[in-house]
Undergrad: 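Have a look at this one.
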Number of protein chains: 2
Amino acid sequence: MKAEALKGHLDLLLLAVVEDGPRHGYALMEELRIRTADALDLPEGTIYPALHRLERAGLLASKWTEVGGRRRRVYELTSHGKGTVEEKRRDWQAFALAVQGVLGPKVEPWPNPA
Amino acid sequence: MKAEALKGHLDLLLLAVVEDGPRHGYALMEELRIRTADALDLPEGTIYPALHRLERAGLLASKWTEVGGRRRRVYELTSHGKGTVEEKRRDWQAFALAVQGVLGPKVEPWPNPA
DNA sequence: CTTCATACCTAGCTACCCTATGCCTCGCAA
DNA sequence: TTGCGAGGCATAGGGTAGCTAGGTATGAAG
């Protein structure tokens with residue numbers, strides 16, 4: 001997976017996971033890796049700055065916690081973040097549909113679970 | 001459509017269109033716009049440098065033509081480009097599937113034409 | 001006691017898309 | 001005949017954002 005591919009989509013991924021419940025950075029990293037079967041194995045230098053950016057943007061809020069002597073910064077969606085994640089979902093769908101449209105009928109779209 | 005969303009995927013889009021037959025830059029621009037119903041309306045400053053990059057990388061080859069007093073640079077896929085576009089298609093599918101997997105069952109995948 | 005996993009941070013690099021601008025021709029309208 | 005829009009190409013410069021590589025610290029396992 002080329003690095004550039006992720007650009008502009010990472011925020012959505014992080015927000016979407018946090019949407020399922022508060023998470024700390026390291027857990028987000030792990031969860032992205034597992035939910036994508038190692039397709040997205042993002043380094044810490046990607047995750048942490050992104051979280052800080054999202055917090056600065058008011059989409060996430062964090063608080064420090066202590067678990068077994070280890071400090072964790074736990075993030076959760078703000079109300080503004082909740083709106084934004086839905087917007088970004090739609091943006092992704094539009095983008096993916098556009099790309100798929102250009103690629104044409106040669107490719108198999110992924111299976112429809114419906 | 002945020003600008004960053006495209007990063008790392010433009011090459012595939014351009015190669016995929018040229019795969020359908022030789023095209024010049026301006027035509028590629030128009031075709032991307034039309035095939036995506038205006039979802040991807042890319043400026044010239046995006047298209048032309050990308051084409052130069054792809055040619056330098058040996059994926060495209062160009063020749064100048066003259067049509068109605070207007071010079072056009074027409075691009076076509078090299079054999080190396082043909083291999084690369086297939087590889088990039090697979091990369092895109094893997095990436096899109098990964099993102100969709102993270103987004104979870106909340107979103108409707110696009111309709112399956114099959 | 002060393003190593004590994006957990007857990008956080010950031011300066012600097014790099015890739016690449018976009019803005020803004022410039023150049024040229026043709027066709028058409030004022 | 002002078003403008004102007006569309007067609008057609010090009011590039012310097014800027015901004016964004018992910019990654020590399022380095023740092024700090026704890027707890028568990030060897």
Side-chain angles (χ1 to χ4, degrees), chain A residues 1-15 18 22-34 36 39-57 59-60 62-75 88 91 95 98-99, chain B residues 1-15 22-34 36 39-57 59-60 62-75 88 91 95 98-99 102:
Chain A
M1 190 80 64
K2 270 279 278 42
E4 300 293 334
L6 190 59
K7 289 215 174 171
H9 305 291
L10 175 60
D11 292 2
L12 169 59
L13 293 172
L14 291 173
L15 293 174
V18 175
R23 299 280 195 282
H24 62 284
Y26 197 88
L28 282 165
M29 218 176 61
E30 289 295 292
E31 193 159 344
L32 279 179
R33 190 173 56 75
I34 289 168
T36 63
L40 289 181
D41 191 2
L42 307 180
E44 304 182 340
T46 293
I47 298 286
Y48 292 118
L51 290 172
H52 299 162
R53 199 180 20 176
L54 290 170
E55 184 166 24
R56 270 200 313 279
L59 307 180
L60 292 180
S62 75
K63 50 173 181 278
W64 285 100
T65 62
E66 182 104 8
V67 175
R70 286 209 185 84
R71 54 202 259 282
R72 291 175 173 173
R73 186 169 220 166
V74 175
Y75 293 88
K88 283 183 181 293
D91 286 350
F95 175 69
V99 173
Chain B
M1 190 79 65
K2 269 277 280 42
E4 301 293 335
L6 191 58
K7 288 216 175 169
H9 306 291
L10 176 60
D11 292 2
L12 169 59
L13 293 172
L14 291 173
L15 293 174
R23 301 278 196 284
H24 62 284
Y26 198 88
L28 283 165
M29 218 176 62
E30 289 295 294
E31 194 160 342
L32 280 179
R33 191 173 54 75
I34 289 168
T36 63
L40 289 181
D41 191 2
L42 308 179
E44 304 182 339
T46 293
I47 297 287
Y48 292 119
L51 290 172
H52 299 161
R53 188 163 24 98
L54 291 170
E55 184 166 26
R56 271 201 312 278
L59 307 180
L60 292 179
S62 75
K63 50 174 183 277
W64 285 100
T65 62
E66 182 104 9
V67 175
R70 287 204 186 90
R71 55 201 260 282
R72 291 175 174 175
R73 186 169 220 167
V74 175
Y75 294 87
K88 282 182 182 293
D91 286 350
F95 175 70
V99 173
V102 172

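So that the names make sense, note that chain A is the first sequence line, chain B the second, and so on, each numbered from 1.
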Undergrad: Using the salt bridge (Lys or Arg N to Asp or Glu O under 4.0 Å) criterion, which residues pair with Arg73(A)? Sequence neighbours excluded.
TA: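 Checked Arg73(A) against salt bridge (Lys or Arg N to Asp or Glu O under 4.0 Å); zero matches.
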
Undergrad: Between Glu31(B) and Arg23(B), is there a salt bridge with N-O shorter than 4.0 Å?
TA: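 Yes, Arg23(B) and Glu31(B) are salt-bridged.
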
Undergrad: Counting side-chain heavy atoms from CB outward, which of dT25(C), dC9(D), dC9(C) is closest to Arg72(B)?
TA: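 Side chain of Arg72(B) sits closest to dC9(D).
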
Undergrad: Measure OH/Tyr75(A) against P/dC8(C) and give the value in whole Å, please.
TA: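 Nearest whole value for this atom pair: 8 Å.
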
Undergrad: Is any side-chain heavy atom of Leu32(A) closer than 4.5 Å to a side-chain heavy atom of Leu28(A)?
TA: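 No. Closest side-chain heavy atoms not under 4.5 Å.
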
Undergrad: Would you kindly give the NE2-to-P distance between His9(B) and dC17(C), to the nearest whole Å?
TA: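 The distance from NE2 of His9(B) to P of dC17(C) comes to 10 Å, rounded to the nearest Å.
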
Undergrad: Here's a test of your reading of the structure: between Val67(B) and Leu42(A), which maps to the more 5' nucleotide of DNA chain D?
TA: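 Taking each residue's closest nucleotide, the earlier one in sequence belongs to Val67(B).
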
Undergrad: Starting from P on dC8(C), measure out to CD1 on Ile47(A) and report it in whole angstrom.
TA: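 Taking CD1 of Ile47(A) and P of dC8(C), I get 11 Å after rounding.
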
Undergrad: Between Arg53(B) and dA15(C), does any side-chain N or O lie under 4.0 Å from OP1 or OP2?
TA: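 No, Arg53(B) has no side-chain N/O under 4.0 Å of OP1/OP2 on dA15(C).
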
Undergrad: Got a second to check how far Leu14(A)'s CG is from Lys88(A)'s NZ, nearest 0.5 Å?
TA: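 Between atom CG of Leu14(A) and atom NZ of Lys88(A) there are 10.5 Å.
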
Undergrad: Could you check how far CZ of Arg71(B) sits from P of dT25(C), rounded to whole Å?
TA: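 Answer to the nearest Å: 10 Å.
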
Undergrad: Please give, in whole Å, the distance from dA5(C) P to Asp41(A) CG?
TA: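 Whole-Å distance recorded here is 13 Å.
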
Undergrad: Could you state the CG-C1' distance from Leu51(A) to dG18(D), rounded to the nearest angstrom?
TA: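 Value for this atom pair: 13 Å.
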
Undergrad: Please report the interatomic distance CZ(Phe95(A)) to CG(Leu40(B)), rounded to the nearest 0.5 Å.
TA: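 Output value for this atom pair is 6.5 Å.
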
Undergrad: The side chain of His24(A) is closest to which nucleotide in this list: dA10(D), dA7(C), dT25(C)?
TA: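 Output: dA7(C).
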
Undergrad: For Arg73(B), which contact category applies under a 4.0 Å heavy-atom criterion: base, sugar-phosphate, or nothing?
TA: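 Arg73(B): backbone/sugar contact only, no base atoms under 4.0 Å.
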
Undergrad: Nearest heavy atom decides the nucleotide; on that basis, is Tyr26(A) or Leu6(B) closer to the 5' end of DNA chain C?
TA: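 Here Tyr26(A) is the residue nearer the 5' end.
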
Undergrad: In this structure, how many angstroms lie between the C1' atom of dG5(D) and the CD atom of Glu30(B), rounded?
TA: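 The distance from CD of Glu30(B) to C1' of dG5(D) comes to 13 Å, rounded to the nearest Å.
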
Undergrad: Test your reading of the model: is there a side-chain donor-acceptor pair from His9(B) to the backbone of Ala5(A), 3.5 Å cut-off?
TA: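 Looks like yes, one N/O pair under 3.5 Å.
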
Undergrad: Using heavy-atom distances to pick each residue's nearest nucleotide on DNA chain D, tell me which of Arg70(A) and Ala50(A) is more 5'.
TA: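 Comparing both residues, the 5'-ward one is Ala50(A).
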
Undergrad: Does any part of the side chain of Arg53(B), heavy atoms only, come nearer than 4.5 Å to the side chain of Asp11(B), both counted from C-beta?
TA: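 A side-chain contact exists here, since the closest heavy-atom pair is under 4.5 Å.
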
Undergrad: Just the rounded figure in Å: distance from P of dA10(D) to CE of Met29(B).
TA: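 Whole-Å distance recorded here is 13 Å.
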
Undergrad: Pick out the pairs of N or O atoms, protein on one side and nucleotides 10-14 of chain C on the other, that lie under 3.5 Å.
TA:
| unit_1 | atom_1 | unit_2 | atom_2 | d |
| --- | --- | --- | --- | --- |
| dT10(C) | OP2 | His52(A) | ND1 | 3.4 |

